[in-house]
Amino acid sequence: MIQNIDNAVILWMQEHMVQPWLNPLMILVSKLGDKGILWIAIGVCLMVWGIKNKVHLWQGILVLLALASNAVVCNLWLKPMVARIRPYDLLGFDILIPTLSDYSFPSGHTSSSFAAAAVIYAIDKRFGIAAYLFAVLMGISRMYLGVHFLTDVLCGAVIGFLMARITLLIWKTAMKNKPFVA
């Protein structure tokens, strides 16, 4: 039943949402998530900013730790274990980006986006809301491009959020008197 819903959602999106004027935006959003590059850049920028203000150094480290723990769970453990076929391979439609060599479940782009967004939200709610909005757009872009099912994206979001919360909890416990996020 879940696969039938996933199939219906992705096919509906491919038929009704994919528009030539929207394609470049969705491709750009998705590319910003390749290998977590946007989020890694934010973590590194916080660390560089931390040269003057040590709190930002710790915040950058937290973003990178959340991304790393998420990558281990999502990309190294779950994707090969579940080995779910990509929607375009299963349903036989063309996509706007090159085909991918890994599995579909869960969405790594979405999970890394939610992992970073959850840490950024803990640091600063204003930037965190923007990060969460971008994370949602990331998940939509992955379905729009036909490379993930709805459940790949939803589970990716949950996994990313949980890995960030676990990272924050471990950090807070281990570093009781160190600079920390709000």
Novice: CG/L150 to CG/L154 distance, rounded to the nearest 0.5 angstrom?
Specialist: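 Between atom CG of L150 and atom CG of L154 there are 4.0 Å.
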Novice: For T167, give me all partners under side chain to side chain donor-acceptor pair (under 3.5 Å), at least two apart in sequence or on another chain.
Specialist: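 Here the qualifying residues are S69.
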Novice: Which ILVMFWY residues are connected to L76, directly or by a chain of links, through side-chain heavy atoms under 4.5 Å apart?
Specialist: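 Reading the cluster by chain and number, L76 sits alongside V72.
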Novice: Which distance, rounded to the nearest 0.5 Å, do you find between the CG of L62 and the CD1 of I120?
Specialist: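 Output value for this atom pair is 11.0 Å.
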Novice: Could you name each residue pair satisfying salt bridge (charged side-chain N to carboxylate O under 4.0 Å, His left out) that touches residues 9-25, not counting sequence neighbours?
Specialist: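 For residues 9-25, and leaving out neighbouring residues, there are no salt bridge (charged side-chain N to carboxylate O under 4.0 Å, His left out) pairs at all.
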Novice: Looking at every heavy atom in both V63 and A116, which two are closest together, and how far apart are they?
Specialist: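 Heavy atoms only, the tightest pair is CG1-CB, 4.5 Å.
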Novice: Return all side-chain donor-acceptor pairs below 3.5 angstrom for residues 24-35, not counting sequence neighbours, or 'none' if the list is empty.
Specialist:
{"from": "S30", "atom 1": "OG", "to": "R142", "atom 2": "NH1", "distance (Å)": "2.5"}
{"from": "D34", "atom 1": "OD1", "to": "H109", "atom 2": "NE2", "distance (Å)": "2.8"}

Novice: Is any side-chain heavy atom of L67 less than 4.5 Å from a side-chain heavy atom of M163?
Specialist: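 No, too far: nothing below the 4.5 Å cut-off.
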Novice: Restricting to ring-ring contact (aromatic ring centres under 6.0 Å, His included), what partner residues turn up for Y103, sequence neighbours left out?
Specialist: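 Applying ring-ring contact (aromatic ring centres under 6.0 Å, His included) to Y103 gives none.
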Novice: Using 0.5 Å steps for rounding, measure from the OH atom of Y121 to the CZ atom of R126.
Specialist: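 The CZ atom of R126 is 12.0 Å from OH of Y121, to the nearest 0.5 Å.
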Novice: By the salt bridge (charged side-chain N to carboxylate O under 4.0 Å, His left out) test, which pairs, at least two apart or in different chains, include something from residues 71-97?
Specialist: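 Sorted result for residues 71-97: D6-R84, K79-D102, R84-D152, R86-D102.
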Novice: Is H148 close to T110 at the side-chain level, that is, under 4.5 Å between some pair of heavy atoms?
Specialist: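 With C-beta onward as the side chain, the pair stays apart.
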Novice: Does a side-chain heavy-atom distance below 4.5 Å link I85 with F149?
Specialist: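 I85 vs F149: side chains apart.
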Novice: Report the distance from atom CZ of F105 to atom SG of C155, rounding to the nearest 0.5 Å.
Specialist: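 Taking CZ in F105 and SG in C155, the distance rounds to 4.0 Å.
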Novice: Are L38 and I129 connected into the same hydrophobic cluster when the rule is that any two of I, L, V, M, F, W, Y join if their side-chain heavy atoms are below 4.5 Å apart?
Specialist: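 Per the 4.5 Å side-chain linkage, I129 and L38 are co-clustered.
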Novice: Are I37 and I61 connected into the same hydrophobic cluster when the rule is that any two of I, L, V, M, F, W, Y join if their side-chain heavy atoms are below 4.5 Å apart?
Specialist: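 They do not share one cluster, since no chain of ILVMFWY contacts under 4.5 Å joins I61 to I37.
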Novice: Please confirm whether the backbone N or O of I123 pairs with a side-chain atom of Q59, one donor and one acceptor, at under 3.5 Å?
Specialist: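 Answer holds: no.
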Novice: Cluster question for you: counting only ILVMFWY and a side-chain heavy-atom cut-off of under 4.5 Å, with indirect links fine, are I170 and L65 together?
Specialist: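 Unlinked, I170 and L65 end up in two clusters.
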Novice: Which residues pass the side-chain contact (heavy atoms from CB on, under 4.5 Å) test with V158, sequence neighbours left out?
Specialist: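 side-chain contact (heavy atoms from CB on, under 4.5 Å) check on V158 returns L162.
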Novice: With sequence neighbours left out, write down each residue that passes side-chain contact (heavy atoms from CB on, under 4.5 Å) with L78, or none if nothing qualifies.
Specialist: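 Listed in chain order: V73, M81, P106, I159.
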Novice: Go through the structure and list residues passing side chain to side chain donor-acceptor pair (under 3.5 Å) with S112, not counting sequence neighbours.
Specialist: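 Checked S112 against side chain to side chain donor-acceptor pair (under 3.5 Å); zero matches.
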Novice: How close do C74 and G108 get, counting heavy atoms only, and between which atoms?
Specialist: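 Minimum heavy-atom contact is SG-CA, 3.8 Å.
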Novice: May I ask you to test the N23-Y144 pair for a side-chain heavy-atom distance under 4.5 Å?
Specialist: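 Result yes, sub-4.5 Å side-chain heavy-atom pair found.
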Novice: Please collect all salt bridge (charged side-chain N to carboxylate O under 4.0 Å, His left out) contacts where either partner lies in residues 129-140, sequence neighbours excluded, each pair once.
Specialist: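 Applying salt bridge (charged side-chain N to carboxylate O under 4.0 Å, His left out) to every pair that reaches into residues 129-140, excluding sequence neighbours, yields nothing.
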Novice: At what distance, to the nearest 0.5 angstrom, does CH2 of W39 lie from CZ of F114?
Specialist: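 Interatomic distance, W39 CH2 to F114 CZ, rounded to 0.5 Å: 9.5 Å.
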Novice: Under the side-chain contact (heavy atoms from CB on, under 4.5 Å) criterion, do T151 and I2 qualify, and how do the steps go?
Specialist: CA-CA 8 Å; T151 52; I2 292 172; 3.6 Å; yes
Novice: Taking all non-hydrogen atoms of both residues, which atom of L168 and which atom of A118 are closest, and how far apart?
Specialist: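 In terms of heavy atoms, the two residues are closest at CD1-O, 4.3 Å.
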Novice: Between S104 and V147, which heavy-atom pair has the shortest distance, and what is it?
Specialist: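 That would be OG-O, 3.7 Å.
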Novice: Working to the nearest 0.5 Å, report the span between CG of L64 and CG of L46.
Specialist: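 The CG atom of L46 is 8.5 Å from CG of L64, to the nearest 0.5 Å.
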Novice: Run the side-chain contact (heavy atoms from CB on, under 4.5 Å) test on Y132 and F161 for me, step by step, so that the C-alpha distance in whole Å, both residues' side-chain angles and the decisive distance to 0.1 Å come before the verdict.
Specialist: CA-CA 10 Å; Y132 272 128; F161 176 81; 3.4 Å; yes
Novice: Heavy-atom distance under 4.5 Å between the side chains of K172 and L169, does that happen here?
Specialist: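 Result no, sub-4.5 Å side-chain heavy-atom pair not found.
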Novice: Is any side-chain heavy atom of I95 closer than 4.5 Å to one of L145?
Specialist: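 Contact flag for L145/I95 side chains = no.
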Novice: Consider only side-chain N and O atoms of Q3 and N7, and report whether a donor and an acceptor are under 3.5 Å apart.
Specialist: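 The answer is yes; a qualifying pair exists.
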Novice: Would you say that I51 contacts L57 through its side chain, given a criterion of any heavy-atom pair below 4.5 Å between the two side chains?
Specialist: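 Not in contact.
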Novice: Are V82 and I10 in one and the same hydrophobic cluster, where Ile, Leu, Val, Met, Phe, Trp and Tyr link if side-chain heavy atoms are under 4.5 Å apart?
Specialist: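 No: no chain of side-chain contacts under 4.5 Å links V82 to I10.
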Novice: To check you understand the geometry: which heavy-atom pair defines the closest contact between A115 and N70, and what is its length?
Specialist: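 Closest heavy-atom pair between A115 and N70: CB-CB, 4.1 Å.
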Novice: So which pairs with a foot in residues 9-31 pass ring-ring contact (aromatic ring centres under 6.0 Å, His included), sequence neighbours left out?
Specialist: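 Sorted result for residues 9-31: W12-H16.
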Novice: Enumerate the ring-ring contact (aromatic ring centres under 6.0 Å, His included) contacts for residues 64-97, please, sequence neighbours excluded, ordered by first and then second residue.
Specialist: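 Those involving residues 64-97 do not exist here.
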